[in-house]
Amino acid sequence: MNQSNEQVGVFICHCGGNISDTVDIKSLKQAINTSNTIVFDHEYLCSNLGQNLIKKNIARCSLKKVVIGACTPAKHEKLFKKCVDDAGLNPAMLEVANIREQCSWAHSDDIDAVTQKAISLVRGKVRRVQNAKPLEPIQIPINPSALVIGGGIAGIDAALNLANNGVHTYLVERNATIGGNSAKIGKIFSPEKLEEECAMCSLSPLMNEVGLHPNITLMSCSEVENVSGSAGNFKVRVRKKARYVNDNCMACGRCSNVCPVFVENDFNCGVKDKKAISLSFAQAVPQIYSIDSEKCINLTGGTCSRCQDVCKVGAIDFDQKDEIVELNVGTIIAATGFDEFDASRKPQYGYGLFANVVTQMELARIFGVNGPTEGKLACPSNLSKPQRIVMIQCVGSRDEKPTGNRYCSRYCCMAALKHASLVKKKYPDVEVTICYIDMRAFGLYENYYRAAQDLGVSFVRGRPAEVIEKPDKSLVVKVEDTLTQKVREIPADLVVLSVAMEASTGTRQIAQTLNVTLGEDGFIKEKHSKLKPVDTSRDGIFVCGTAQSPKDITDTIAQSGLAAARTCAFISGGSITLDPEIARVDLSLCDGCGECLKCPFDAISMNDHGNVAINPLVCNGCGYCTVLCDQKAISIAGYTEEQIHAEIEGVLEKGDLLAFLSRNIAYATADNIGSSAATYPANTKIIRVPTTTIVTQSMIEQAFGAGARAVLMVEEPTDDPIGESVYSLALDNFQKLKEELGDPGGRIHFKKAYIPNYRGLASTLTTLSQEEVGE
Amino acid sequence: MKTIEHIPDQGILLFKTCMVTNEYPGIESSSTYAFDRLGVDYFVSDEQSCCTGLGFYFDLFDQLSTTAIAARNFAIAKKKGYPNITAMCSTCYAINKKACSLLNGNEEVRTKINSIFRQAGLDDLVYEQNSLDEVDNFYHVVEIFLSKAKRIGALNTIDLSGVRVAAHHACHYYKIHYDDVIGNPENPQLIDTIARSCGADVVEWYEDRTLTCGAGFSQRHINRETSLKVTHAKLESLKNAGVDLVLHMCPNCQIQYDRYQPVIEKEFGTKYDLVHMHISQFVALALGANPDKVCGFRTHSVPLDDFLNRLK
């Protein structure tokens, strides 16, 4: 082994007692202090003082390598790497021993046992760093174009902001037109004027601007299928779905006039008033018709070509096929919006059972001059004018039952007030009652709330129990008025449900495609609710609008502008530094067998010279290629076999359980055990690996040779983007190792990690670390 | 959340229920009949005691004694090797589930109960934390039947076409532990699915579907008027929906409807042409059980003779 005699500086953090209360720092320092180490300790190494101590001593003692014993590397490794970098060392010359989450917090053993574990963890890292080689950072220029996913008001505004700042922007929209939900709502509320304004009058010019902007490539009927690469250089695969009408379309409408098939109109909430070939609505952008392929007679195998016959520009193309387009962009904004809560999940309100129970969005369409009743207020059952309207708030919001959502949807109090005001202004004789839990007219909206009261809207504080239908189709809302504590039965001709905003199916799908974290409510989670409200868990990917949380248009626009600004700032950085811990090939050892081309992520290829080449933008350093290479020509920088052997030698003591944990989910799950105050015995030693595919026979032999009781490999789950491809390969590797080693006494184990189930991992670690060693 | 794939058919302790034994013994004989026919591995223990839910909801027993008695019953289930405690009564289900959750999650309660056991020399009853799981070890017979609904439908011997059936899912099943209801707890469909698989014409929704039966434990006696008003309202809704048969999953609801229907008819001056049975009785009947000897319909207050004749 290439152990140098250079001095290793070891810095131990007390973490204000989080470590020093359960680890005897004095004994730890003594045990680590050898001829080629110098040991320091500090109350908080992550503080400025702590970092200065590290920098000062690197200079004073001419340290070439550093080990830090502190919290999990997931927390401060980046900070400490920058710290040693500032002091003139290559960041690869730093190792962090996790003596908090995986030591002081995770064991209920006595102080001697915990201290002994801390000693072995630090010793392992000292051995490891002695085998480290400097890694040069990989710098890649940032692609200066952006992708915005979702063409609702958030995506439109973000795309226009980017385009106006000179950024070439692709706007991908799944539907035939941009506009989203904002196009449907008819009127918007304004706190200053106490008036309702025309939504389309504000939206339509923006939509046209998108369609005409030289910096925007609009892709409608398109869906993002796959995203690879990393911040600064994403490769995006987009499916452009066939719309069966080509760009020749002049939107004259002859085709729609002759089409014999009526279909459900999504724009009018499912009313059957649309033709199988149509424009979504008059102001649609692009102004290109499209055919509903599931309803069109021709496309479902029948004989009909009426639209083709009347089209004068030859725009109808029944043979059009889906098209796959590859885009290269530097950054991505997810603006995939919301879905309405499905009110039929609460049958007590009769939605879907009774014709005259509608949602606020459906009422908005009834009010729309381009809606099913051309703007006339009418009950769906018989198109008569309702005399009594009751609105029910918080349907699916502020709801502890698993049917609904716990959060407040933020827009619905104002939407109800808007519609109540519209009714009262246009039809003063119609009674409007709003049943609410709390009216939340935050900020300046309070004025609007008061104005609605002045118009004569009634308010009943109580969440209705049930809506029932009388034989004449009129309705009764049963509610307890909690202010008078009386049960009331309010008669109504029309009941309007203010349903929750939920993360749209598109949002959930795109989060998976982009590999960004969702919050527990299903919306894309921001990095920091106050300081980084539009950054996601992945660099270079931003979020805005209702994809991030429920909000109204005002808040959406504030966020989409910010997302555009953050995107511009990221692009103007010019270049990006990539994680150097990826696959490296030693061409002097490579015999060109091509086995490594089996890379599940397609990161490895043969270049024009017949040499193996690794794409640093695609390689995530999983390590699978290292087991494929018989020549040992490929290794993961920072995770070479020498380094791992050295760490095993350092950490392992007789009777230990040695656990190899993949570096993302599996390692984080182990950290969660400590931070959730669950425990497992201190004779469990964890080694972080890119994925367990890099574990070799000789590593396990080394472990058993040193007296390990058992070896466990914990792999990323299959719903993780790396685990998705690697899990089965890791399982194969485990089975192969078991076979090769004969697995004496069933001592080699494999487990799938799952972050919420840290208790499961703790119990596995506990069982295996206490198991009798069989022969 | 519980899902249908997780419903076991092995290691079932069919939990005896006071209101079944004393009021409708046919529910238990129907359950065992149906389990036998469906190949469910179950056990009925004579060592088991009442869940004490009636006493608890009458404010006669406190939570600690109730939990201690549950711990005793849990020890029997584990000792016999039938750890999946399955109730015919929604109150037994909810009481046992809550007791298990307390024993697992509340150290003070567990320690106190265990020390009482030890002092009394009942060491074999001591409850070890997490030895049962409040979700994975507690079921209601309706869940077992739901998991076998297709098979029940295939073995069905009665012609239910044109029979209007409505479900009354019991409050203590879907309103107390609503996170552990299979499907939507605001629109439970367990009974409906089983009835539909036997070809019944199931009423999807009726007014007051989620309203209580009106029993309210002590309310039935101390607030008799309110209690009967609620039951009357429900019977009216069921009548308006043209229901012939109401299916229950709780003997207490069944008492409220079946025993009090004649009382309400008299006191409210009305007439109802609807009959009641427990889901176990329904499943047993569908599988060909004898209506008297197995289902025990003779113990009902609302006679089922006309209804049963209609099925033939």
Side-chain angles (χ1 to χ4, degrees), chain A residues 341-355 357 392 394-406 463-480 487 489 491 495 497 499-500 502 520 522 676-679 756-757 759-760 762-763 766-767, chain B residues 1-4 6 104-105 107 128-131 133-136 166-169 171-193 202-212 214 226 229-230 232-243:
Chain A
F341 171 80
D342 173 9
S344 68
R345 272 148 63 187
K346 291 191 173 282
Q348 62 267 39
Y349 291 154
Y351 183 79
L353 298 171
F354 311 144
V357 178
I392 301 179
C394 299
V395 178
S397 307
R398 303 186 71 194
D399 184 352
E400 307 226 339
K401 294 261 176 73
T403 331
N405 302 288
R406 284 171 176 259
R463 169 174 250 160
E466 190 169 351
V467 175
I468 55 171
E469 191 184 54
K470 298 274 177 193
D472 66 355
K473 301 285 170 202
S474 73
L475 304 162
V476 174
V477 178
K478 296 186 183 179
V479 58
E480 182 194 349
V487 175
E489 298 200 345
V495 168
L497 308 179
V499 297
E502 292 187 331
E520 61 177 320
S676 311
T679 60
N757 191 17
R759 284 188 192 282
S763 107
T766 305
T767 313
Chain B
M1 207 187 272
K2 233 191 254 178
T3 60
I4 193 162
H6 290 120
N104 284 339
E107 201 180 338
E128 191 192 321
Q129 188 184 14
N130 297 328
S131 55
D133 183 278
E134 57 259 40
V135 178
D136 295 339
H168 175 83
H169 288 91
C171 300
H172 285 199
Y173 173 73
Y174 74 100
K175 292 183 189 169
I176 296 183
H177 300 286
Y178 49 73
D179 278 325
D180 293 331
V181 171
I182 296 178
N184 179 353
E186 291 185 79
N187 189 15
Q189 289 289 314
L190 294 97
I191 294 175
D192 307 59
T193 308
V202 179
V203 179
E204 259 186 49
W205 188 262
Y206 56 93
E207 184 182 348
D208 291 328
R209 182 175 155 114
T210 58
L211 191 66
T212 161
T226 312
K229 235 167 90 181
V230 172
H232 174 248
K234 283 217 72 151
L235 285 168
E236 284 295 306
S237 296
L238 290 161
K239 183 181 174 180
N240 291 338
V243 171

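Convention: sequence-line order gives letters A, B, ...; per-chain numbering from 1.
Between H168(B) and L238(B) there is no side-chain heavy-atom pair separated by less than 4.5 Å. For the pair D208(B)/S237(B), a side-chain contact is recorded, criterion being any heavy-atom separation below 4.5 Å from C-beta on. Looking at E186(B) and Y178(B), their side chains never come closer than 4.5 Å, going by heavy atoms from C-beta outward.
The stretch residues 466-477 of chain A places E466(A), I468(A) near chain B, each with some heavy atom under 4.5 Å from a heavy atom of that chain.
Taking all atoms of both residues into account, the shortest heavy-atom contact from N104(B) to N130(B) is OD1-N, 2.8 Å.
Using a 4.5 Å cut-off between heavy atoms, N240(B) does not touch chain A at all. For chain A, the nearby part of Y206(B) is the backbone; its heavy atoms alone come within less than 4.5 Å.
Inspection of the Q189(B) and N184(B) side chains reveals no N or O donor paired with an N or O acceptor under 3.5 Å.
By the side-chain contact (heavy atoms from CB on, under 4.5 Å) test, D342(A) pairs with S344(A), R345(A), sequence neighbours left out.
For Q129(B), the CD atom is densely surrounded, since the number of other residues' heavy atoms within 6.0 Å is greater than 12.
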